[in-house]
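Read the structure below first, then the notes.
Sequence positions, counted from 1, serve as the residue numbers for this chain. Just so you know, ligand 1 is whichever comes first in the structure, and atom 1 is the first atom listed for that ligand. Given the structure is predicted, the values throughout are model-derived calculations rather than measurements. Only this structure's heavy atoms are used, side chains among them; waters, hydrogens and symmetry mates stay out.
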Amino acid sequence: MQTDHDVVVIGAGFAGIYSVHKLRDGLGLRVQAFDAGEGPGGTWHWNRYPGARCDFDSVFYSYSFSDELQREWRWSERFAAQPEILAYLEWCADKLDVRKEFRFRTRVTSIVWDDANELWTVGTDDGRTCTTRFVVAGGGNVTVPKKNEFPGEETFRGEIHRTSSWPHEPVDLTGKRVGVIGTGSTGLQVIPEVARACAHLTVFQRTANFAAPLGNRPLTEEESRHQAENHAEVRAGSRDNFLGAPYGIGRPSALLDSPEERKKLYDEFYYPGGGFRLVVGTYQDLLVNKEANDTIADYLRDRIRERVNDPATAELLCPTDHPYGTKRAPFETDYYETFNLDHVDLVDVRTAPIEAITETGLRTAAAEYDLDVIILATGFDALTGTLLRMGIVGRDGLTLEQAWEDGPKTYLGLQLDGFPNLFTITGPQSAVALYNNAMAIEDHVELAHDAIKHVLDHDARVIEPTADAVQAWGRLAEGILNMTLIPQSPNSWYMGRNIPGKPRGTYIFAGGAPLYRAICQEMIDKGFAGFALDGSAPPVPPMVRLDPPVAVVIGALAMQGVKPLEQCTVEETRELLETMTLLQAPPRDTHVQEVTYPSPSGQRLSARIYRPDVDGTLPVVTFFHPGGWIAGSLDVVDERCRALAHELQAVVVSASYRLAPEHPFPAATDDNLAALRWVAETIGEHGGDPDRIVVMGESAGAHLAAVAAQRARDEDGPQLAAQVLIYPPIDPDTDTPSRAEFAAGPFLSVAAADAMWGAYLGDPANRTAPHANPGKADLAGLAPALVLTAELDPTRDEAEAYGAALQAAGVDAEVRRIDGMIHGTFLMSGLVPRSLEFTAAITDFLEARLATPAEV
Ligand code: NA7
């Protein structure tokens with residue numbers, strides 16, 4: 001059915017301006033846009049309070065999509081103030097010629113889906129309606145102010161101003177007694193400016209906030225020109241950074257440095273200022289480890305005590321109820337020094353809350369304050385408030401309020417099920433708040449553009465996420481948020497906790513820009529996976545199904561610039577595998593002996609024997625490390641072997657073997673068999689029981705363990721008690737659904753796996769040799785087998801098929817799949833708590849099979 005417009009865009013800030021440009025000029029769509037303000041600017045149109053400025057560097061807090069815009073605009077300050085940002089957005093709107101698509105001074109009041117005609121009807125506060133196929137809601141995340149909670153506003157004889165709708169004309173505070181309520185990012189910006197202008201200032205503080213110097217200063221002409229002319233270089237790496245600005249990456253942990261080293265590093269970031277550099281440039285674990293966070297919290301409290309003269313005021317300004325960064329970190333200019341001024345008082349309204357606005361000022365539970373002007377900087381109904389007041393009604397009359405009554409539910413923060421063709425730019429649960437807004441908006445506008453293009457290219461009518469996708473996204477976003485310290489803040493708007501009665505929930509995706517972008521890219525590569533096009537949908541993409549800590553590992557690899565495995569040379573693969581030890585738990589104290597065993601090559605190869613501190617003759621595990629037959633070492637599995645020795649109460653022998661391509665097939669398997677025989681012959685000397693030997697391996701090591709079990713059966717022993725194969729690749733030429741679904745990973749891709757097979761097998765004739773392809777062998781009579789697989793792993797199905805074939809051949813075999821895991825997670829014991837499910841499954845399986853007759 002014909003609609004008035006193809007797209008309705010809401011908002012004329014960063015999101016709306018770019019959306020109109022991208023959809024009108026990129027896709028040739030008929031766009032109608034609305035904004036309640038008198039002109040472009042969005043947040044920067046409304047928040048005109050003194051002191052308002054960005055706290056990402058201006059050059060990073062601006063559009064990056066257009067070479068021309070970046071070349072032509074010159075910023076005058078390191079962190080631009082509101083008038084300059086507003087002027088920039090107005091200039092962008094003119095350059096892109098988008099003003100003519102906007103109806104300003106017009107608020108959208110209803111957006112109602114018509115299922116029969118598959119269109120939206122949009123109503124506005126001027127009483128008009130229009131129809132459209134698509135809606136792009138770009139109304140911003142911090143636009144609906146928190147309602148005034150103080151009775152008596154109408155009785156006040158002075159002026160009340162909200163920072164979020166500050167008058168366009170200058171507010172004259174000369175000679176006035178002013179009260180400011182609120183000490184969030186806004187309060188901290190407005191307070192020093194107000195103090196400069198008024199006769200007396202009272203700051204009503206409920207919660208002290210951690211703030212650090214912004215370090216703003218004018219840019220020289222030379223600096224500003226340099227930024228414009230070299231913008232690509234200046235901004236390079238922004239999107240690889242957690243926060244979306246090229247701020248560098250911090251040291252691994254605050255706890256690994258001495259107090260002196262820490263102080264030195266914090267000083268380096270604190271004194272010159274620089275916005276969020278302090279958060280991401282110092283230590284990587286500040287937001288996830290309370291002890292690490294305490295180090296910066298203590299540091300910041302010390303700076304407050306240093307900067308504020310009166311000790312009692314300083315103590316009141318020191319936050320104690322939340323870890324640093326769990327509420328949006330503010331940055332300040334002269335904030336603390338403001339409290340050294342004689343005409344500025346700080347009032348604690350936590351112990352004595354504000355009760356009412358009176359005719360003459362404010363009354364708290366403890367006192368009355370006479371004021372001429374009250375400034376409310378009390379925050380916003382953030383992230384969902386803007387959308388919830390638009391009167392959105394989706395399929396079957398479901399309102400957005402109903403859909404979100406327990407908190408927001410979205411897919412990628414971009415769409416939600418039941419609301420087709422509606423896109424929420426930097427909506428709740430997107431990489432918002434912890435991602436430079438200008439960049440986050442660009443990413444999201446481009447996603448919405450790509451989704452609309454996907455619909456048009458397929459001659460489809462509607463796109464909307466599946467309920468499965470929404471559920472999986474919510475689970476991932478919540479899991480990642482819970483890995484951070486953010487839930488420890490009692491009143492952060494990151495979790496909807498600043499508004500009484502607002503549902504608590506996951507309002508932001510806290511995994512950082514690189515992870516979010518990688519997930520979105522995978523979603524696009526898989527044909528908008530998780531989105532249904534006219535009802536049919538590719539499955540939820542693998543990365544959205546990851547166990548949250550695994551997703552965080554993938555995000556960390558992306559941030560460190562780690563190359564995908566398939567692009568690594570052999571040397572790079574070897575180096576990468578050695579770094580896996582950084583993902584492991586601290587090694588347990590275990591008795592370890594370095595030994596060698598005779599390889600058929602004539603050399604002696606290294607091995608390690610791990611023995612827990614228990615008496616008696618113990619069962620034995622011979623372990624073969626992973627590494628795609630081309631990489632890996634005893635070091636890589638050292639922590640795991642220590643843990644296995646303890647958990648299984650076994651002697652663990654970790655045996656190295658010759659690696660391809662220098663030593664292709666069958667060198668590794670010949671070494672493995674030799675290692676097994678050597679273990680059987682000598683392990684008694686180390687307290688191991690030669691009649692209870694298990695062969696175990698991970699990945700390529702698991703493949704080798706499977707082959708070793710076959711060769712031990714066929715080539716005169718030793719007799720094995722069991723084999724444990726942790727996600728073994730089995731067949732170099734298989735064609736399984738898991739290879740298709742996880743062809744690009746996460747982490748292990750089919751291309752990488754194939755390259756490793758190629759390096760190992762050398763001569764193509766080996767591809768079907770049973771010692772290279774254990775699925776081709778006769779499986780009867782093999783030792784009991786446990787095959788462990790990871791859900792999101794290309795090798796999953798061939799490994800599970802091998803387990804099934806073992807069962808069919810009468811072998812005592814079990815197959816266990818661990819959900820949400822990828823190839824390699826067995827090694828990630830330090831970062832992925834659920835990797836313990838692998839060891840738990842192994843313990844379960846081996847308990848009965850390794851018991852001595854007496855124990856049974
Ligand atoms: P914030 O960060 O939510 O700060 C609001 C402040 O107002 C905060 O200090 C609140 O104290 C205070 N507040 C709110 N209600 C009350 C009542 N009833 N009594 C006393 N004090 C109160 O909002 P901002 O505008 O500063 O920043 C929002 C974002 O906009 C910012 O992070 C940027 O991303 C842009 P509380 O902490 O709740 O005790």
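- In this structure, Arg350 is part of the shell of residues with a heavy atom less than 4.0 angstrom from ligand 1.
- Atom 17 (C) of ligand 1 is flagged as protein-proximal [any protein heavy atom, distance under 4.0 Å].
- Proximity to Gly182 (heavy-atom distance under 4.0 Å) selects the following atoms of ligand 1: 6 (C), 7 (O), 9 (O), 12 (C).
- Tyr63 places none of its side-chain heavy atoms less than 4.5 Å from the side chain of His21.
- Contacts between Phe204 and ligand 1 below 4.0 angstrom, taking non-hydrogen atoms only, are absent altogether.
- For the salt bridge (Lys or Arg N to Asp or Glu O under 4.0 Å) with Asp57, the qualifying choice from Arg235, Arg217, Arg277 is Arg277, the only one to do so.
- Atoms of ligand 1 lying under 4.0 Å from at least one heavy atom of Lys327, given by number and element, are 37 (O).
- Listed by number with element, the atoms of ligand 1 under 4.0 Å from a non-hydrogen atom of Ala377 are 5 (C), 6 (C), 7 (O).
- Ion pairing between a basic and an acidic side chain is recognised when a charged N comes within 4.0 Å of a carboxylate O; Lys327 and Asp321 show no such pairing.
- Listed by number with element, the atoms of ligand 1 under 4.0 angstrom from any heavy atom of Asn491 are 36 (P), 37 (O), 38 (O), 39 (O).
- Heavy-atom proximity to atom 26 (O) of ligand 1, evaluated over Ile181, Leu376, Thr186, is greatest for Thr186.
- Nearest to atom 34 (O) of ligand 1 among the protein's heavy atoms is Arg328 NE, 3.3 Å.
- Within the 4.5 Å cutoff, side-chain heavy atoms of Phe509 are placed close to those of Trp473.
- Counting protein heavy atoms only, atom 39 (O) of ligand 1 is closest to Thr207 OG1, 2.4 Å.
- The protein heavy atom nearest to atom 9 (O) of ligand 1 is Thr183 N, 2.9 Å.
- For atom 15 (N) of ligand 1, the closest non-hydrogen atom of the protein is Lys146 NZ, 2.7 Å.
- For atom 11 (O) of ligand 1, the closest heavy atom belonging to the protein is Arg206 NE, 3.9 Å.
- The protein non-hydrogen atom at the shortest distance from atom 23 (O) of ligand 1 is Gly379 CA, 3.2 Å.
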Practice problem: Test Tyr369 against Phe204 for ring-ring contact (aromatic ring centres under 6.0 Å, His included), laying out the working first. | Solution: CA-CA 10 Å; Tyr369 297 87; Phe204 297 90; 5.2 Å; yes
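- Contacts between Pro330 and ligand 1 below 4.0 angstrom, taking non-hydrogen atoms only, are absent altogether.
- Both cation-pi conditions hold for Arg303 and Tyr299: the charged atom is under 6.0 angstrom from the six-membered ring centre and inside a 45 degree cone around its axis.
- In this structure, the side chains of Thr386 and Asn141 stay at 4.5 Å or more apart for every pair of heavy atoms.
- Nearest to atom 31 (C) of ligand 1 by heavy-atom distance, out of Ser185, Pro500, Pro145, Cys54, is Ser185.
- At most 12 non-hydrogen atoms from other residues, nucleotides or ligands lie less than 6.0 angstrom from CD of Glu291.
- Here the side chains of Thr333 and Pro192 are not in contact, with every heavy-atom distance at 4.5 Å or above.
- Between Arg162 and Glu153 there is a salt bridge, since at least one side-chain N of the basic residue sits less than 4.0 Å from a carboxylate O of the acidic one.
- The existence of a salt bridge linking Glu442 and Arg239 is confirmed by a sub-4.0 Å separation between a basic side-chain nitrogen and an acidic carboxylate oxygen.
- Closest protein heavy atom to atom 35 (C) of ligand 1: Val142 CG2, 4.1 Å.
- Compare Phe150, Tyr49, Tyr494 by their heavy atoms: the one nearest to atom 19 (N) of ligand 1 is in Phe150.
- Electrostatic pairing of Arg389 and Asp381 does not count as a salt bridge here, judged by no charged N lying under 4.0 Å from a carboxylate O.
- Nearest protein heavy-atom neighbour of atom 4 (O) of ligand 1: Gly184 CA, 3.4 Å.
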